[in-house]
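The first residue in the sequence is number 1, and the count goes up from there.
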Amino acid sequence: MDSATWTTIDRLVEWLDAHDSNSPEVTRLLRVLKVQEETGEVAEAVHGAMGSNPRKGASHTWTDVEKELCDVIVTGMVALATVNPDAGKLFTDHLQSVADRSLTSAAPPA
């Protein structure tokens, strides 16, 4: 991810912090738990897009799923930046580690 993305995340964290009356420990906990809340919204959107709930029918679209997935990513980035002030570097290093172990050991596609 480019630095502009993490700059925006840092600005969001600052904005949230300015409107937060919780202790830093509670703030960290709530922001991490928010990721789970957003993940539940993705699941709800998938069910809605697939029309799997007979009572609700097709209540969502795949565009709704995409938007909810973006919310999960942003929320995860905010949580990570709340837990670690060098979140951008941490994420980049972790992504590289995942790529190194996954992409180098995988057989080439047939």
Side-chain angles (χ1 to χ4, degrees):
M1 281 190 208
D2 63 33
S3 63
T5 299
W6 284 104
T7 298
T8 301
I9 294 300
D10 289 341
R11 289 179 59 216
L12 288 169
V13 169
E14 289 172 11
W15 176 77
L16 287 166
D17 287 348
H19 294 86
D20 190 356
S21 60
N22 294 306
S23 70
E25 295 80 16
V26 170
T27 295
R28 279 194 304 266
L29 176 62
L30 292 175
R31 289 187 188 163
V32 170
L33 290 175
K34 181 75 173 168
V35 176
Q36 181 64 36
E37 177 188 334
E38 294 296 340
T39 304
E41 291 177 16
V42 171
E44 180 181 6
V46 168
H47 281 280
M50 298 188 73
S52 64
N53 183 335
R55 184 175 55 80
K56 293 182 180 180
S59 59
H60 292 76
T61 66
W62 285 102
T63 299
D64 295 325
V65 174
E66 293 166 0
K67 290 176 183 175
E68 295 298 343
L69 284 168
C70 287
D71 285 347
V72 169
I73 293 165
V74 170
T75 303
M77 292 173 77
V78 166
L80 184 59
T82 299
V83 171
N84 186 317
D86 200 12
K89 180 178 180 342
L90 178 67
F91 180 80
T92 298
D93 292 349
H94 185 76
L95 179 61
Q96 187 61 56
S97 174
V98 170
D100 288 347
R101 79 169 176 262
S102 300
L103 301 178
T104 58
S105 64

In Å and rounded to the nearest 0.5 Å, what is the [atom1] to [atom2] distance from [X] to [Y]?
{"X": "L16", "Y": "I9", "atom1": "CG", "atom2": "CD1", "result": "10.0 Å"}
{"X": "D20", "Y": "L30", "atom1": "CG", "atom2": "CG", "result": "7.5 Å"}
{"X": "Q36", "Y": "T75", "atom1": "CD", "atom2": "OG1", "result": "11.5 Å"}
{"X": "C70", "Y": "E38", "atom1": "SG", "atom2": "CD", "result": "11.0 Å"}
{"X": "H47", "Y": "K56", "atom1": "NE2", "atom2": "NZ", "result": "10.0 Å"}

*When hydrophobic residues are tied together by side-chain contacts of less than 4.5 Å, even through go-betweens, does I73 share a cluster with V46?*
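No, I73 and V46 fall in different hydrophobic clusters.
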*asked:* Same cluster or not: V35 versus V74, using hydrophobic residues (I, L, V, M, F, W, Y) connected whenever any side-chain heavy atoms lie under 4.5 Å apart?
replied: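 No.
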*Does a salt bridge link E37 with K34, judged by any charged N lying under 4.0 Å from a carboxylate O?*
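K34 and E37: salt-bridged.
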*Is W15 atom CH2 crowded by more than 12 heavy atoms from other residues, nucleotides or ligands, each under 6.0 Å away?*
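Not more than 12 within 6.0 Å, no.
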Side chains of residues 78-91: which donor-acceptor pairs under 3.5 Å do they make with residues two or more places apart or in other chains?
from	atom 1	to	atom 2	distance (Å)
T82	OG1	R31	NH1	3.0
T82	OG1	V78	O	2.8
N84	OD1	D86	N	2.7
K89	NZ	D93	OD2	2.6

*Answer yes if the side chains of D2 and T5 hold a donor-acceptor pair under 3.5 Å, and no otherwise.*
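Result is yes, a qualifying pair exists.
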